[in-house]
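Side chains included, hydrogens not; waters and symmetry mates left out as well; all remaining heavy atoms used. Start at 1 and go down the list; that is how both ligands and their atoms are numbered.
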Amino acid sequence: MSSPENTTSPLAAPVASVWGVGEERARLLARLNIFTVEDLLLHKPRRYEDRRKFLPIRDLKLKEAATVRGKIVAAGVKRFRRGARAMFECVFDDGTAHLHCRWWQAQPWMEDWYAVGREFLIFGRPDSLKPRNMDHPETEFMEPGEDEFIHVNRIVPIHPLTDGLTARVMRTLVWRALEKFENQIEEPEWSKLQVAGCKLQVEKPAVAIRNEPSTFNLQPSTLLPARANAVRMIHFPNELTDVEIARQRLALDEFVALQFQIQSRRKKFEAVSKALPCGGDNRLMKPFLAELGFKLTAAQTNVLRDIRADMGSAHPMRRLLQGDVGSGKTAVAACSALMALESGFNVALMAPTEILAEQHHRNFVKWFEPLGIKVHLQTGSRKDAPLQVEGCKLKVQKTVVSARKEPSTFNLQPSTLFIGTHALLTGGFDLPKLGLVIIDEQHKFGVAQRETLVRKGNYPHLLVMTATPIPRTLGLTLYGDLDVSVIDELPGGRGAIKTFVRAADKLPKVWDFIREKITAGRQAFVVYPRVEENADGLKAVTKEFEHLKKLLAPFKVGLLHGRLKAAEKEAVMAEFRVNKSQVLLATSLIEVGVDVPNATVMLIENAEAFGLAQLHQLRGRIGRGAHESFCILISDAKTPDSLERLKILAETNDGFKIAEADLKLRGPGELLGQQQSGLPALRFGDLAEDLNLIRQARELVAKTL
Ligand code: ADP
Ligand code: MG
């Protein structure tokens, strides 16, 4: 729970201490994750109804949501033929007109509940006006009683509910909780402190926080309410505009609590850890750069300056490197690795897929072995007999990609780069004298995995790299304990990428186009969402493979998906890399890392099945050579929304813009992928919208810690 109260707070009392909550209701509330009084107080309404005046039924408009108030003048069950299914219908009258309401599945309790003469509030969208009709509206029985004032003549909250708990009961419980506990809601510590130089100041007598124009999206004159006021306002606002003010106040508390966690973790870490001296002396770097074949971009050089400073400083590096696909993060990783290697330490590089690990292995063997550095590959499908060397368990085996034979004994002088997948993390595998851990495509790993790898060493330096541009809101929360560097420039000499969104009936033309490009010597990726066909009707690579082979003959098509064995995958990639196959039919498996500069066309079908950030990643596989590249997104999505969504990709190549759009459209969990753990549970904070609040919280905590 993100609240500032500790467990001795009266608000931590079980929700049953609210009058009216017995065993049964406590059980229902538990379904909504409401266990304590505080949980109930922070149960955020899902919408509000302005019940200060009701719309006359006569004035209802087609398809427009509205609340009306009426008495039932007729009601009854209508049976369909054979009587198997029954519909319940009743007619409300408010003196201006009648409103018919229908429920397509009559329930046994309805006849008693919706009895003639009873008065209800009805919320819904009329689907016809002649007669006026709503299907399945939300209703609330206007029970005459002393707590009437809670439910009408004001703006009322409609909370998330569960079967057996009505909006009215929930509202009553929240009201009672407020009456009994409101004055126990304390200001959190941060707002009691007068933080020097901070824009947020609590005014004595500590109820209002002045809002500076630059700090919130509110009007300059607005005062942020005290926490207790905000809690009341979020349920029972005086005006609808109060809701957002209250939400921001409560969200700020959440973000501050989160920043406290993040920043104190970092502080603690710095207190216990001493950095290994890994600044390097350039003796490997110089020959490496001379042989590399290109000059580092200014952005790459700047980032390396940050990294060198970190690796030579008193605290271990904790750095996030963000760079759009193709910005050249691998070269930066290589230079960072060299700094540690020059300093006499080993380095581990972790990649999310075997394909990527093997691609890195190939590159690094080429780059590092001439410098006398061993490059060792460790992936899930390469688990040969473990080898005991000088007290160190290492699983050494021949690799398919490196023709060179692995030595039968492993020389453990600190000059080894270990490359692997999560297999690097599995138990029993020690990484000796580890100076630097590099994690590629961080978003594919959880925070916990990151920590596991780091714990393998004695506080090694950590560099995490990601091509998913992380919107700043997420960066500051999820990666708030990391310093951030950005490569904001692509290496020159790249052809432009053009992106098109097309309906499926344009496919024949698209295939003609692809054939033309292949004939001219280029290669193409074709991406489908599924490996095997299933009920969702999305295209599957295994099903389309034969068809594609025929369609594109005499050109050769390779097939790549996650269910192939590692050796099979590697063989397919090897063919494509040297243009023995011209088309690679693949799943989103190729999303990360794959680097074949001659591939200049990417066709993605059922594009609506992918997230925007993911499509951007996929698109990053092309545009890596000097030729102009083309990305064609095919979608027959029925909703205009999803076409609009895809158009964002056609309009911009800027990963940050795309990620931000994706975050807004699909939320942080989807953007970051299933594996991502460590997303904070926020009730009021919004990771897509609250950048200003998050910044405020971060600044505030930095000044108080
Ligand atoms: P990503 O940041 O997506 O991991 P890579 O490291 O795979 O990108 O780099 C993409 C391509 O750009 C590679 O072929 C790499 O060799 C090349 N590259 C990297 N840096 C430069 C540079 N400074 N100049 C020219 N090409 C570069
Ligand atoms: Mg990469």
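At least one N or O atom of Gly328 sits closer than 3.5 Å to an N or O atom of ligand 1. Here's the thing with Gly323: none of its N/O atoms is less than 3.5 angstrom from an N/O atom of ligand 1.
Looking at Gln322, Gln300, Lys329, Glu489, it is Lys329 that brings a heavy atom closest to atom 2 (O) of ligand 1. Comparing Asn363, Thr330, Thr301, Asp440 by heavy-atom distance to atom 4 (O) of ligand 1, the nearest is Thr330.
With contacts defined as side-chain heavy-atom distances shorter than 4.5 Å, the pair Leu618/Phe525 does not qualify. The closest side-chain heavy-atom distance from Glu544 to Glu605 is not below 4.5 Å. Inter-residue side-chain proximity for Asn653 and Arg619 is flagged as met; some heavy-atom pair is nearer than 4.5 Å. A 4.5 Å side-chain heavy-atom check between Leu436 and Ser336 finds at least one atom pair inside the cut-off.
Cation-pi check for Lys498 over Phe630 is not met; the charged atom does not lie both under 6.0 angstrom from the ring centroid and within 45 degrees of its normal.
The number of heavy atoms from other shown groups lying within 6.0 Å of CD (Glu568) is above 12. Within a 6.0 Å radius of NZ in Lys539, more than 12 heavy atoms belonging to other residues, nucleotides or ligands are found.
Listed by number with element, the atoms of ligand 1 under 4.0 Å from a non-hydrogen atom of Ser327 are 2 (O), 8 (O). Each of the following atoms of ligand 1 lies closer than 4.0 Å to a heavy atom of Thr297: 23 (N). In summary, the atoms of ligand 1 found under 4.0 Å from a heavy atom of Arg624, numbered by their order in the structure, are 3 (O), 7 (O), 10 (C).
Residue-level proximity to ligand 1 for Lys295 is carried by the backbone, the only part with a heavy atom below 4.0 angstrom. Under 4.0 angstrom from ligand 1, the non-hydrogen atoms of Leu296 all belong to its backbone.
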